[in-house]
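The structure appears below as structure tokens.
We count ligands from 1, going down the list as the structure has it; atoms in each ligand are counted the same way.
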Amino acid sequence: MHKGRARAFTNIALIKYWGKKDETLILPMNNSLSLTLDAFYTETEVIFNETFTQDTFYLDGVLQDEKATKKISQFLDLVREIAKKNLYAQVTSENFVPTAAGLASSASGLAALAAASNEALKLQLSETDLSRLARRGSGSACRSIFGGFVEWEQGIDDHSSYATPLSSDHWEDDLAMLFVLVNDQQKDVSSRDGMYRTVTTSSFYPGWLADAPKDLATAKKAIQEKDFIALGEVTEANGLKMHGTTLAAVPPFTYWSPDSLKAMQAVRKLRADGINCYFTMDAGPNVKILVEKKNSKDVKKYLETLFDSSQLVCAYAGPGIEILK
Ligand code: ADP
Ligand code: DP6
């Protein structure tokens with residue numbers, strides 16, 4: 001029996017990954033940049049055993065159906081190939097994050113699975129190799145191998161597409177991200193399907209792609225210079241552009257709900273009142289607000305006048321993967 005356990009934290013992109021140039025290898029159309037967070041994470045145990053006759057996948061105590069298990073099996077096939085071992089596995093995972101609600105469970109989930117598999121089979125993969133492996137499960141997962149600010153270099157092939165931590169002189173420790181949980185139920189259009197539909201049908205997609213490298217450069221400069229306003233502005237603008245592409249997809253769709261707009265409007269009001277904070281959203285209606293730690297209490301206090309306090313979660317910068325004994 002070969003057993004490994006790992007924890008991985010979610011990350012939220014400030015410059016988004018939205019679209020693939022290679023669906024099988026999961027190579028993105030553009031570089032992305034994220035912040036790993038401490039509030040939401042996944043813990044996964046993987047056991048490979050000679051006696052197993054198939055892969056099984058338990059998520060939050062529930063045995064998963066064929067479709068969900070197939071996704072895990074395909075990922076485990078990559079692991080088996082690296083290990084040159086033909087063993088089935090039992091995967092037991094717990095999400096301390098709502099699943100498939102636009103809160104990046106796929107990032108923490110697949111990063112934890114990659115790290116636990118590495119541990120179980122003693123593959124001794126480097127963090128870069130782990131990032132490449134996690135990417136094959138879910139693109140954004142390659143960034144969750146590392147803590148703090150992380151850039152995913154899109155690359156041109158399997159070897160050259162992986163994430164690296166960005167040096168920031170620990171500036172991320174001065175920041176917070178406030179989550180407005182508008183809806184924690186599973187979304188209708190997964191990130192995978194949403195980005196595919198957008199790339200293949202949206203006439204707005206080329207505009208998104210043309211701006212992404214400029215936005216990335218602006219964000220990296222802002223991090224280097226610890227310029228919160230510059231980072232916030234480009235984060236908000238980049239997220240809006242990503243969501244703009246979905247409106248021109250065929251058929252069109254949006255991840256926004258009335259409460260998402262309410263949260264965005266609250267951020268604009270706070271800014272008008274002199275508190276610097278900026279929003280971003282992923283493939284779901286929940287809104288994430290980037291704010292300096294020193295202002296996070298004020299932002300939360302105002303949001304409590306609009307939302308139930310149970311809908312508000314404050315996260316700080318989180319670490320990379322952790323091996324659990
Ligand atoms: P999210 O916004 O939560 O990342 P996605 O639609 O992008 O939503 O991804 C959700 C998918 O990620 C799930 O359907 C499942 O395939 C995968 N996933 C989520 N949690 C885990 C986990 N703990 N272990 C393995 N896979 C997971
Ligand atoms: C909007 O990484 O979940 O959150 O690679 O198909 O598994 P797959 O997609 P996924 O997409 C994340 C999209 C996003 C933006 C981001 O995290 O960069």
Side-chain angles (χ1 to χ4, degrees), residues 6-8 10-37 40-46 55 57-62 64-65 67-76 89 91-117 134-144 150-152 154 161 163 183-199 208 212 215-216 235 238-239 241-243 245-246 255 280-286 288:
R7 179 188 295 136
T10 59
N11 70 79
I12 294 298
L14 309 183
I15 304 299
K16 305 293 183 191
Y17 147 51
W18 193 242
K20 299 178 181 66
K21 60 188 174 204
D22 187 315
E23 298 285 326
T24 312
L25 292 176
I26 310 203
L27 301 180
M29 287 283 208
N30 61 280
N31 288 25
S32 53
L33 189 158
S34 60
L35 184 60
T36 302
L37 297 168
F40 295 116
Y41 56 94
T42 298
E43 287 179 1
T44 297
E45 177 183 272
V46 183
D55 293 324
F57 174 34
Y58 290 86
L59 181 56
D60 295 331
V62 179
Q64 299 294 294
D65 65 14
K67 192 171 163 225
T69 309
K70 195 171 161 217
K71 221 170 142 183
I72 298 296
S73 282
Q74 283 171 347
F75 181 81
L76 292 173
V91 175
T92 309
S93 188
E94 224 179 319
N95 276 346
F96 296 86
V97 50
T99 302
L103 294 166
S105 72
S106 60
S108 56
L110 271 301
L113 181 59
S117 302
R135 189 200 80 230
R136 299 289 301 271
S138 182
S140 54
C142 78
R143 300 186 307 236
S144 272
V150 178
E151 180 179 358
W152 174 12
Q154 57 175 310
S161 185
N183 186 341
D184 63 5
Q185 297 305 301
Q186 294 215 0
K187 55 205 171 196
D188 299 333
V189 186
S190 69
S191 325
R192 189 157 294 187
D193 295 349
M195 70 175 81
Y196 181 77
R197 194 192 298 175
T198 307
V199 173
W208 151 262
D215 289 351
L216 179 84
T235 295
N238 182 268
K241 281 181 251 186
M242 176 204 124
H243 285 272
T245 64
T246 69
Y255 290 110
T280 187
M281 286 177 65
D282 293 284
N286 302 302
K288 296 107 190 184

Top protein contact for [atom], by heavy-atom distance:
atom                    : result
atom 20 (N) of ligand 1 : N95 ND2, 3.0 Å
atom 6 (O) of ligand 1  : K187 CE, 3.3 Å
atom 26 (N) of ligand 1 : L110 CD2, 3.6 Å
atom 3 (O) of ligand 1  : S105 OG, 2.6 Å
atom 22 (C) of ligand 1 : G109 CA, 3.6 Å

Enumerated ligand 1 atoms positioned under 4.0 Å from heavy atoms of S190: 6 (O)
Using a 4.0 Å cut-off to any heavy atom of T42, which atoms of ligand 1 qualify? 23 (N)
Residues at least two apart in sequence or cross-chain that pass side-chain hydrogen bond (donor to acceptor under 3.5 Å, both in side chains) with E43, listed by chain then number, are R7
Applying a heavy-atom cut-off of 4.0 Å, say which part of [X] lies close to ligand 1: side chain, backbone, both or neither.
X    : result
V91  : neither
S93  : side chain
L103 : backbone

Might you confirm whether atom CG of D65 has over 12 heavy atoms from other residues, nucleotides or ligands at distances under 6.0 Å? yes
Parallel, tilted or perpendicular for F96 and Y41, by the 30°/60° rule? parallel
Ligand 1 and [X], any nitrogen or oxygen pair closer than 3.5 angstrom?
X    : answer
G102 : yes
T44  : no
S106 : yes

Does [X] have a heavy atom less than 4.0 Å from any atom of ligand 1?
X    : value
D282 : no
A104 : yes
T10  : no

Using 0.5 Å steps for rounding, measure from the [atom1] atom of [X] to the [atom2] atom of [Y].
X    : Y    : atom1 : atom2 : answer
L33  : N30  : CG    : CG    : 11.0 Å
R143 : R135 : CZ    : CZ    : 13.0 Å
L76  : L113 : CG    : CG    : 5.5 Å
N238 : W18  : CG    : CH2   : 12.0 Å
L216 : W152 : CG    : CH2   : 13.0 Å
Q154 : L27  : CD    : CG    : 9.0 Å

Residue pair [X] / [Y], side-chain heavy-atom distance below 4.5 Å:
X    : Y    : answer
M195 : Y17  : yes
M281 : N286 : no
I12  : L37  : yes

Under 4.0 Å from ligand 2 - residues by heavy atom, chain and number: A13, K16, Y17, W18, K20, I26, S106, S138, G139, S140, R143, S191, R192, M195, M242, D282, A283
Does a side chain donor of either T44 or S93 reach within less than 3.5 Å of an acceptor in the other side chain? yes
Of K71, M195, R192, the residue with the heavy atom nearest atom 13 (C) of ligand 1 is K71
For atom 7 (O) of ligand 1, which of the options S191, G284, A116 provides the nearest non-hydrogen atom? S191
Please set out all donor-acceptor pairs under 3.5 angstrom arising from side-chain atoms of residues 97-106, sequence neighbours excluded.
from: T99; atom 1: OG1; to: N95; atom 2: ND2; distance (Å): 2.9
from: S105; atom 1: OG; to: A100; atom 2: N; distance (Å): 3.1
from: S106; atom 1: OG; to: S138; atom 2: OG; distance (Å): 3.3

Any pair with a residue in residues 15-26 that passes salt bridge (Lys or Arg N to Asp or Glu O under 4.0 Å), sequence neighbours left out, goes on the list, sorted by first then second residue, please. K16-D282
